[in-house]
Amino acid sequence: MKRNPCKGLKPLEGAEIGKVVMRFAPNPNGPATLGSARGMIVNSEYVKMYKGKFILRFDDTDPDIKRPMLEAYEWYLDDFRWLGVVPDQVIYTSDHFPLYYDYARKLIEMGKAYVCFCKGEYFKELKNDKKACPHREVGLEENLRHWEKMLAGEYEDHQAVLRIKTDIEHKDPALRDWGAFRIRKMAHPRSVIGNKYFVWPLLDFAGAIEDHELGMTHIIRGKDLMDSEKRQSYIYKYFGWKYPRTTHWGRIKIYEFGKFSTSSLRKAIETGEYSGWDDPRLPTIRAFRRRGIKAEALKKFMIDMGVGTTDVSLSMESLYAENRKIVDAITNRYFFVWDPMELEITDSEPTVAKLPLHPTDHARGIREISVRNKVFVCREDVEKLKVGSVLRLKDFCNIEITSLVPLQARHSAVSLEAHQKSKGKIIHWVPINGISVKVRGPYGDIEGTGEHGIATELDKIVQFERFGFCRIDAIDKEKVEVYFAHK
RNA sequence: GCUCCGAUAGUGUAGCUCGGCCAAUCAUUCAGGACUCUCACUCCUGAGACUGGGGUUCAAAUCCCCAUCGGAGCACCA
């Protein structure tokens, strides 16, 4: 028994250096989510591992139910850039209708496909009874004629469908004579396609042709597509092609986000429930980016998860832990006071507090905060205090509470060292003329006051001490909006 | 109803192909401690699992069967 806990992804079966071709094939009907990220990362990592070819293919041949969003094409490219992945090739399946039609015609001529006019429900019944429909055995010429009429737009929506002949008595009902093309008289969102076509290829057909044409050697995809291999294998067999090696993974359920689907999110965004696809409450890559999750953390998260067909239900905590390690070393520290309470230091002289931007990386320098005699502190920090309590305003001074209402204190004679030794409380603070800060996070918004230095960190990730890591998203004159990543 | 997958600590994984080196790996999580002018980071210690039942075998997490549980497919979606 060998025990070699090899890190990262397991070797790909039958993979040779330089010869691997893999793809990630999303329908751009919305932006990439956490689930998409798995496909983007795992596939591209394998290609990198074997110095192969990585293809991004937009499977965008449904103008109706999962209608592509024009913006989403660009979003995917953008998210790949962020991940540091450059696809060797970008393909739009909607560009290849003529190719699909060609192969469809060949299959009809081979007697391996037929135009079926059955109503969906009726065909289903027949199929479940292992019975062929009357259209299965019509002559070649007639079939071709029907097909030509389909292409010419002479039939209405849903009136006919092209089926691949498999084995109508196959023990697995999922494999019996599956649909390859359907009629939909609708414009494709891409203007180059528009109203050009009436007959649309379905996933298993388009995918089968594409994977072959592109020379795919390995496919890793969700287990919901496990039957695709079996279905598509009929086409591969008819044409004498070799099917790529396939691997599948199960569903990812994120504890924090529950169940979601691109279409349900889309609806919720349209109704204004979310501010957009990068709303911090959403599990999209765009939202993670905006919150300050690093691509490296997401990659490590996905790679560590590996490829297994079991459904996984995990917590964002693991991703946050990865991100925290990366981000801790490279972020400046600032004070942000939520639920602020005014505290007056009665014997205070105006002064300038000097604080390190980073607790250990002193090369990052210091930040300066001018203070008069009033500061804000978090309500929760002062709630249990009594008159006489001593606490430290971090990196500033020790104070002794002299009054609770109004909240007042004076400098304390207790030294920093003595305070630390007695495990006294050390809290953060902010001058009352600080900048107002709104934190948008996965659990809603939090407002408060921050030090002015925050306004110099636009688009950077910072740590609000004792609060968490945030990305500074927007800076107005006197207001900063930040996105919360995690504690 | 038919068909296909899968099941290792709270969570995610390694090990299963080729049975022994597995009193079971790593990470996260949780608990305790060290460090620290943050509830961050780092470090130390500890907690915690082979779904159940049969079988094969000198030997089973690993092979076989059954059960249970979970997931997926049977679309004119991807």
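By convention in this document, chain letters (A, B, ...) are assigned in the order of the sequence lines, proteins followed by strands, and residues within each chain are numbered from 1. The model shown is predicted, which means the values in this text are computed figures rather than measured ones.
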For atom [atom1] of [X] and atom [atom2] of [N], their distance in whole Å:
X	N	atom1	atom2	value
A:D167	B:C2	CG	C1'	14 Å
A:D381	B:C37	CG	P	18 Å
A:K230	B:A72	NZ	P	15 Å
A:K130	B:G1	NZ	P	16 Å
A:Y334	B:C39	OH	P	20 Å
A:M226	B:C74	CE	C1'	15 Å
A:W338	B:C39	CH2	P	11 Å
A:L12	B:U17	CG	P	20 Å

Roughly how many Å apart are [M] and [N], using the [atom1] atom of each and rounding to a whole number?
N	M	atom1	answer
B:A49	B:C43	C1'	27 Å
B:U25	B:G15	C1'	8 Å
B:U11	B:G48	C1'	12 Å
B:A59	B:C22	C1'	13 Å
B:G52	B:C35	P	44 Å
B:C64	B:C16	P	14 Å
B:G6	B:U62	P	15 Å
B:A7	B:A61	P	16 Å

Check side chain to side chain contact (heavy atoms under 4.5 Å, CB included) between [X] and all other residues, then give those that pass, not counting sequence neighbours.
X	value
A:K354	A:I366, A:E368
A:K237	A:Y234
A:M226	A:K223, A:H248, A:T309
A:E210	A:R57, A:I91, A:T93, A:H96, A:Y100, A:L214

**Study point:** Identified side chain to side chain donor-acceptor pair (under 3.5 Å) partner of A:R333 from the options A:E465, A:Q463, A:H428
**Key:**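 Exactly one pass, corresponding to A:Q463.
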Point to revise | B:U29 OP1/OP2 closer than 4.0 Å to side-chain N/O of A:R324 | key: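 Indeed, a polar side-chain atom of A:R324 lies that close.
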Closest to the [X] side chain, choosing from [options]:
X	options	value
A:Q463	B:G73, B:C39, B:A40	B:A40
A:L416	B:C41, B:C37, B:C4	B:C37
A:T309	B:C5, B:U29, B:C37	B:C5

Looking at every strand, decide which applies to [X] at a 4.0 Å heavy-atom threshold: base, sugar-phosphate, or nothing.
X	result
A:R392	base
A:F467	nothing
A:K171	sugar-phosphate
A:Q420	sugar-phosphate

**Study point:** Pairs touching residues 414-428 of chain A that satisfy salt bridge (charged side-chain N to carboxylate O under 4.0 Å, His left out), sequence neighbours left out
**Key:**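 Residue pairs passing salt bridge (charged side-chain N to carboxylate O under 4.0 Å, His left out), neighbours aside: A:D381-A:K425.
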Review point. In terms of ring plane angle, is the pair A:F97 and A:Y197 parallel, tilted or perpendicular, where the classes change at 30° and 60°?
Key: parallel
Practice item. Over 60° means perpendicular and under 30° means parallel, so classify the ring planes of A:F257 and A:F288, tilted if in between. Key: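 A:F288 vs A:F257 ring planes: tilted.
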Review point. For the side chain of A:R38 and the backbone of A:G306, is there at least one donor-acceptor N/O pair under 3.5 Å apart?
Key: yes
Check your understanding: Backbone N or O of A:E148 within a donor-acceptor pair of the A:R105 side chain at under 3.5 Å?
Key ->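 No, A:R105 side chain to A:E148 backbone: no donor-acceptor pair under 3.5 Å.
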**Study point:** Under-3.5 Å donor-acceptor pair between A:E322 side chain and B:U28 base
**Key:** no
Practice item. For A:D172, check salt bridge (Lys or Arg N to Asp or Glu O under 4.0 Å) against everything at least two apart and list the hits. Key: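 Checked A:D172 against salt bridge (Lys or Arg N to Asp or Glu O under 4.0 Å); zero matches.
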Practice item. Could you list the residues that satisfy salt bridge (Lys or Arg N to Asp or Glu O under 4.0 Å) with A:K130, not counting sequence neighbours? Key: none
**Study point:** Those residues that, when tested against A:H212, pass side chain to side chain donor-acceptor pair (under 3.5 Å) (two or more places apart)
**Key:**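 Scan of A:H212 (side chain to side chain donor-acceptor pair (under 3.5 Å), adjacent residues dropped) gives A:W241.
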Point to revise | Results of side chain to side chain donor-acceptor pair (under 3.5 Å) for A:H486 - residues two or more places apart only | key: A:N323
For nucleotides 75-78 of chain B, print each protein N/O atom paired with a nucleotide N/O atom at under 3.5 Å, atom names and distance only.
residue, atom, partner, partner atom, Å
B:A75, OP2, A:K127, NZ, 2.6
B:C76, O2, A:H158, ND1, 2.7
B:C76, N3, A:H158, O, 2.7
B:C76, N4, A:C118, O, 3.0
B:C76, N4, A:H158, O, 3.0
B:C77, OP1, A:R182, NE, 3.4
B:C77, OP1, A:R182, NH1, 2.1
B:C77, OP2, A:R182, NE, 3.2
B:C77, OP2, A:R182, NH1, 3.4
B:C77, O5', A:R182, NH1, 3.4
B:C77, O2', A:D62, OD2, 2.7
B:C77, O2, A:K66, NZ, 2.0
B:A78, OP2, A:L203, N, 2.9
B:A78, O3', A:D59, O, 3.0

Dump the pairs, protein N or O against N or O of nucleotides 11-13 of chain B, anything under 3.5 Å, distances to one decimal.
residue, atom, partner, partner atom, Å
B:U11, O3', A:S313, O, 2.8
B:U11, O2', A:S313, O, 3.3
B:G12, OP1, A:S313, N, 3.2
B:G12, OP1, A:S313, O, 3.4
B:U13, O5', A:M305, O, 3.4

Point to revise | Consecutive Watson-Crick or G-U pairs in runs of at least 3, all under 3.5 Å, in which RNA chain B is involved | key: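 Ordered by first number, the stems with RNA chain B (at least 3 consecutive pairs each) read B:1-7 with B:68-74, B:10-12 with B:26-28, B:29-34 with B:42-47, B:51-55 with B:63-67.
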